[in-house]
Amino acid sequence: MATVHSIPSVDLADFRSGDAARKAAFVTALGKAYEEVGFVAVKNHGISDELIKQLYDNVRAFFQLPASTKSKYEIPELAGQRGYTSFGKEHAKGFEAPDLKEFFQFGQSVEDDDPVKESYPDNVMVKEVPEFTPTLYKAYRGFETSGNSLLQAIALYLGLDEHFFDKKIHNGNSILRAIHYPPITQEPSSAIRAEQHEDINLITLLVGASADGLQILDKQGDWVPVTSLPDQIVVNVGDMLQRLTNNRLKSTTHRVVNPPRELWNTSRFSIPFFLHPKSDMDLTCLAQCVDGSHPEAYEPITAGEYLDERLREIGLKK
């Protein structure tokens, strides 16, 4: 396994190859990476360079709109789960200072007769950038497909049926979040654009942030910079998967730091895909992850209850 800034790298083509030995090697490499580091770089992930470019071009165009235009797409009752959230609304769990960012969230579009459709708000359509919504939709579907394959590999690593997660994430409550960290115009009160945190969901897929700044906390307690190579996405374990596996797979602490002073005048864009299951998924620790040395660390809870609790903690829900 090659490494990218201490992050193990895997090739999703191995898992999808139809070759049993390559598939098994991928499962082992991915599982070990998630036990030891919590982050992995994935190549041959199935999201085209062209789509990634379209995504970043449209996201830039949206955030360049006047504040008065963007604010039309901020709908308070949606608690940031769809549409625009203005600068300084969200903070990391345990921190009062708001993160230095604005963002736009795009969620699930249920296209079959699944009754879960009733529980999701509609996506917020942006008129001023005509390709913005269609491009978010295409990217959302691409991330779902790649994430599904990764969760199949994780299921095998845990000794579960390969398709354990399939129905749980079909029409799941996943979120594609386009983030803009604006240029820094005055001496910041902190060196951190987004304070240290762990993600809430099962796994997070991050495609090519527009500038450096992402750091992960390693087992030695050091902050390690992470830069995904142009042909790779970075995928990390979230708290739901850590909880389900009774801490066997690690939800890694990460943060975004300010750039060096000479780059303060630059924006940073980042587009993570937070892969969530349906809200009724049971996150009770898996029996195979509980034993005498690893007693059950968490109370039973559903994914929906856990998400609700965390959204309150980070200030998006009152």
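Position 1 is the first residue of the sequence; numbering continues from there.
- Between Ser279 and Asn173, the shortest heavy-atom distance links the atoms OG-ND2, 4.3 Å.
- Here the rule is side chain to side chain contact (heavy atoms under 4.5 Å, CB included) with Phe165, and of Asn148, Ile203, Leu241 only Leu241 fits it.
- Salt bridge annotation for Glu77-Arg82: absent, with no cationic side-chain nitrogen under 4.0 angstrom from a carboxylate oxygen.
- A distance of 7.0 Å separates CZ of Phe273 from CG of Leu176, quoted to the nearest 0.5 Å.
- To the nearest 0.5 Å, the span separating CD1 on Ile301 from CE on Met240 amounts to 8.5 Å.
- Residues Lys138 and Gln54 are in side-chain contact: their nearest non-hydrogen atoms beyond the backbone lie under 4.5 Å apart.
- Side chain of Ser71 to main chain of Ser68: a donor-acceptor pair is present (N/O by atom type, distance under 3.5 Å, no hydrogens or angles).
- If you take NE2 on His45 and OG on Ser146, they are separated by 7.5 Å, rounding to the nearest 0.5 Å.
- Judged by distance alone, the side chains of Tyr56 and Arg60 never bring a donor and an acceptor atom under 3.5 Å apart.
- Ile179 and Phe63 make their closest contact through C-CE1, 4.1 Å (heavy atoms, listed as atom of the first residue, atom of the second, distance).
- With salt bridges taken as basic N to acidic carboxylate O contacts below 4.0 Å, none links Arg22 and Asp11.
- In this structure, the side chains of Asp199 and Asp239 stay at 4.5 Å or more apart for every pair of heavy atoms.
- The backbone N or O of Glu299 lies less than 3.5 Å from a partner atom in the side chain of Arg243, making a donor-acceptor pair.
- Ionic pairing of Asp280 and Lys168 is not present here: no N-O contact between side-chain nitrogen and carboxylate oxygen is shorter than 4.0 angstrom.
- Between the CG atom of Asn247 and the CD atom of Glu296 there is a distance of 11.0 Å, given to the nearest 0.5 Å.
- The two residues Val234 and Phe39 make their nearest non-hydrogen contact at CG1-CD2, 3.2 Å.
- The closest donor-acceptor contact from the side chain of Thr135 to the backbone of Glu131 lies under 3.5 Å.
- Side-chain N or O atoms of Gln105 include none that pairs as donor or acceptor with a backbone N or O of Arg177 at under 3.5 Å.
- Remark: side-chain polar atoms of His254 are paired, donor with acceptor, to backbone N or O of Thr252 under 3.5 angstrom.
- With rounding to the nearest 0.5 angstrom, the CD atom of Glu35 is 10.5 Å from the CG atom of Leu30.
- For the residue pair Ser9 / Gln232, a side-chain donor-acceptor distance below 3.5 Å is found, with atom types taken as modelled.
- Closest heavy-atom contact between Pro8 and Val40: O-CG2, 3.1 Å.
- Phe104 has its ring centre no less than 6.0 Å from the ring centre of Tyr84.
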TODO: Could you give me the CA-CA distance, side-chain angles and deciding distance for Glu162 and Lys23, then say whether salt bridge (Lys or Arg N to Asp or Glu O under 4.0 Å) is met?
DONE: CA-CA 12 Å; Glu162 180 174 343; Lys23 183 174 181 175; 3.1 Å; yes
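- Lys53 and Glu50 are not joined by a salt bridge, as no carboxylate oxygen comes within less than 4.0 angstrom of a charged side-chain nitrogen.
- Taking each heavy atom of Asp282 and Leu244 in turn, the nearest pair found is O-CD1, 3.8 Å.
- Rounded to the nearest 0.5 Å, atoms CG (Asn236) and CG (Leu214) are 8.5 Å apart.
- Ionic pairing of Lys70 and Glu102 is present here: one or more N-O contacts between side-chain nitrogen and carboxylate oxygen are shorter than 4.0 angstrom.
- Glu36 contributes no side-chain N or O that, together with a main-chain N or O of Ala33, makes up a donor-acceptor pair within less than 3.5 Å.
- The aromatic rings of Phe106 and Tyr140 stand perpendicular to each other, their planes meeting at an angle above 60°, with 30° marking the opposite boundary.
- Across all non-hydrogen atoms, the minimal contact from Asn171 to Tyr120 is O-OH, 2.7 Å.
- The only member of Asn44, Val42, Thr28 that meets side chain to side chain contact (heavy atoms under 4.5 Å, CB included) when paired with Val10 is Val42.
- Judged by distance alone, the side chain of Gln242 and the main-chain N or O of Ser251 form a donor-acceptor pair under 3.5 Å.
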